[in-house]
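Here the structure comes first, spelled out in structure tokens, and everything after it is commentary.
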Amino acid sequence: MIETKKLSAQDFAEGTSYLSYKDKYTYIDNLDSKDGTVNGIVSFFNANYSIVITVTQGSLEIVVDGTAIRMKPYDYISIMPCTIVEVRESRAIYFCHIVQAGLMMDIYNHIGFKSSIRHNSFCFHYHHFQPEHINRFKDIYLRQKAEMMRPDYLMKEFVLRAHIVVYLTYLYHIKLNFEEIMLVKETRQKSMFNQFLDLLNDYYDKERSVQFYADKIGITSKYLSTITTEFAQLPASNVIDQY
């Protein structure tokens, strides 16, 4: 089984910029690299983070839950929690931000996004945008990174959160004009898995029982574990513990 771990600077190539704030907000990029060539970077189980990778140059070969994707310039991917991620080869210049899933859902709620959008956030999404849109993403990212590099101050986390709101607002504005590159069809089991993650986000600090989540979805606890094993390679009880 692929290791469950927290990413650290040691997991990335020399010259990669890695900044993290309380393991809640993490910013990773190689924007100052010449070609970004790295082989066999990292494989891990993403337990509870929203991961967004944007490629500006070159190509990035990544596998998400067994689905191989070769990202090209101006490609963007957002990866849901409870996924197995393998970065096999990078010849890309990219930037990436990682936010705890619970924080992302809380931001969705406070912005006032519809429940359907919030639920949809648990799917992985792959888009190709125009250069001007990626440049705008990059500008927002660099502002986030600059804020991260400032010495700690009382409202720092609030400001980092505000930058995420700016990013999400712009993303959902431009996504309306672009079709998603669909790689995985939404099966009934996948929909139930996403529903489980949505419920887990709401109740993880109150409910640890597999039966509780199974009852909410309307299935047996055994079937819920079958579903989580299919998509996360872990029984439901382990997913709850990891989250």
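The residues of the chain are indexed from 1 along the displayed sequence. What you are looking at is a predicted structure, and each value in this text was computed from that prediction instead of being measured.
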Could you check whether atom CZ of Phe158 has more than 12 heavy atoms from other residues, nucleotides or ligands sitting under 6.0 Å from it?
no
Taking every heavy atom of Met149 against every heavy atom of Leu19, the minimum-distance pair comes out as CG-CD1, 3.4 Å
When the ring centroid of Phe212 is compared with that of Tyr203, is the distance short of 6.0 Å?
yes
Any chance the rings of His97 and Tyr167 have centres within less than 6.0 Å?
yes
Asp139 side, atom CG; Ile134 side, atom CD1 - distance, nearest 0.5 Å:
13.0 Å
Using side-chain heavy atoms (C-beta onward) and a distance below 4.5 Å, is Arg88 in contact with Ile62?
no
Which is it for Ser33 and Ile93 under the side chain to side chain contact (heavy atoms under 4.5 Å, CB included) test, yes or no, and what are the steps along the way?
CA-CA 7 Å; Ser33 176; Ile93 306 299; 4.1 Å; yes
Applying side chain to side chain contact (heavy atoms under 4.5 Å, CB included) to Val85 and Ile79, what does each step give before you reach the verdict?
CA-CA 9 Å; Val85 181; Ile79 301 172; 4.0 Å; yes
Contact check, side chains of Leu103 and Ile164, non-hydrogen atoms, under 4.5 Å
no
Would you please test Glu89 and Arg70 for salt bridge (Lys or Arg N to Asp or Glu O under 4.0 Å) and show each step?
CA-CA 9 Å; Glu89 179 184 79; Arg70 180 168 286 275; 3.7 Å; yes
Min side-chain heavy-atom separation Met80-Asn194 under 4.5 Å:
yes
At what distance, to the nearest 0.5 angstrom, does CD1 of Ile98 lie from OH of Tyr49?
8.5 Å
Might you point out which heavy atoms bring Ile53 and Cys96 nearest each other, and give the distance in Å?
CG1-SG, 3.9 Å
Donor-acceptor pair, distance only, cut-off 3.5 Å: does the side chain of Asn46 make one with the backbone of Ile51?
no
Is Val159 linked to Tyr25 within one hydrophobic cluster, defined over Ile, Leu, Val, Met, Phe, Trp and Tyr using a side-chain heavy-atom separation of less than 4.5 Å?
no
hydrophobic_cluster_shared for Val63 and Ile69, side chain cutoff 4.5 Å
no
Check whether any side-chain heavy atom of Ile107 sits under 4.5 Å from a side-chain heavy atom of Arg161, and report yes or no.
yes
Just checking, any donor-acceptor pair under 3.5 angstrom between side chains of Tyr74 and Glu132?
no
Would you compute the distance between atom NE2 of His125 and atom CG of Leu171 and round it to the nearest 0.5 angstrom?
9.5 Å
Can you see which heavy atom on Ile217 is nearest to which on Gln195, and at what distance?
CG2-OE1, 3.7 Å
Tell me, do Phe44 and Thr83 make a side-chain contact under 4.5 Å, heavy atoms counted?
no
Sidechain-backbone polar pair: Lys156 side chain, Arg150 backbone, donor-acceptor under 3.5 Å:
yes
For Met71 and Tyr76, run side chain to side chain contact (heavy atoms under 4.5 Å, CB included): C-alpha distance rounded to whole Å, both residues' side-chain angles, the deciding distance at 0.1 Å, then the answer.
CA-CA 8 Å; Met71 298 180 66; Tyr76 157 103; 5.5 Å; no
Is the side chain of Asn238 donor-acceptor paired with the backbone N or O of Leu234 at a distance under 3.5 Å, no angle test?
no
Indicate the atoms forming the closest heavy-atom contact of Pro73 with His128, along with that distance.
O-CE1, 3.2 Å
Return the CZ to NE2 distance between Arg136 and His173, rounded to the nearest 0.5 Å.
10.5 Å
Kindly indicate whether the side chain of Asp75, heavy atoms from C-beta on, has any atom under 4.5 Å from the side chain of Tyr126.
yes
Applying ring-ring contact (aromatic ring centres under 6.0 Å, His included), name anything that partners His163, two or more places apart in sequence or on another chain.
none
So, does Thr169 use its side chain to make a donor-acceptor pair with the main chain of Val165 at under 3.5 Å?
yes
Test log, rule side chain to side chain contact (heavy atoms under 4.5 Å, CB included), inputs Leu160 and Tyr27
CA-CA 11 Å; Leu160 292 173; Tyr27 302 86; 4.0 Å; yes
From Ile174 CD1 over to His127 NE2, what is the distance, rounded to the nearest 0.5 angstrom?
8.5 Å
Heavy-atom side-chain contact between Leu142 and Leu31 under 4.5 Å
yes
Got a salt bridge between Lys24 and Glu157, using NZ or NE/NH1/NH2 to carboxylate O under 4.0 Å?
yes
Shortest non-hydrogen pair, Ser20 vs Thr26, comes out as OG-OG1, 3.0 Å
State whether the side chain of Thr228 and the backbone N or O of Ser225 hold a donor-acceptor pair below 3.5 Å, judged by distance alone.
yes
Between the OG1 atom in Thr220 and the CG atom in Asp215, the distance rounded to the nearest 0.5 Å is 10.0 Å
Can you find a side-chain donor-acceptor pair between Asn30 and Tyr94 that sits under 3.5 Å?
no
Under 6.0 Å between ring centres, would you say that holds for Phe137 and Phe129?
yes
Set of residues satisfying salt bridge (Lys or Arg N to Asp or Glu O under 4.0 Å) with respect to Lys138, sequence neighbours excluded:
none
In terms of heavy-atom contacts, does OH of Tyr204 have more than 12 from other residues, nucleotides or ligands at under 6.0 Å?
no
Side-chain touch Phe196/Leu224, heavy atoms, less than 4.5 angstrom:
yes
Taking only residues two or more places apart in sequence, or in another chain, which ones meet Phe95 in a ring-ring contact (aromatic ring centres under 6.0 Å, His included)?
Tyr141
Taking side-chain contact (heavy atoms from CB on, under 4.5 Å) as the criterion, tell me which of Val210, Leu200, Asn48 meets it with Val239.
Leu200
Under 3.5 Å, is there a donor-acceptor pair linking the side chains of Arg91 and Ser59?
no
Can you check side chain to side chain donor-acceptor pair (under 3.5 Å) on Tyr223 and Gln189, steps first, answer last?
CA-CA 10 Å; Tyr223 188 48; Gln189 280 195 339; 3.2 Å; yes
Would you mind checking if Lys145 and Asp29 are paired as a salt bridge, meaning a charged N to carboxylate O distance below 4.0 Å?
yes
Output yes when a side-chain donor or acceptor of Tyr213 lies under 3.5 Å from a complementary backbone atom of Glu207, and no otherwise.
yes
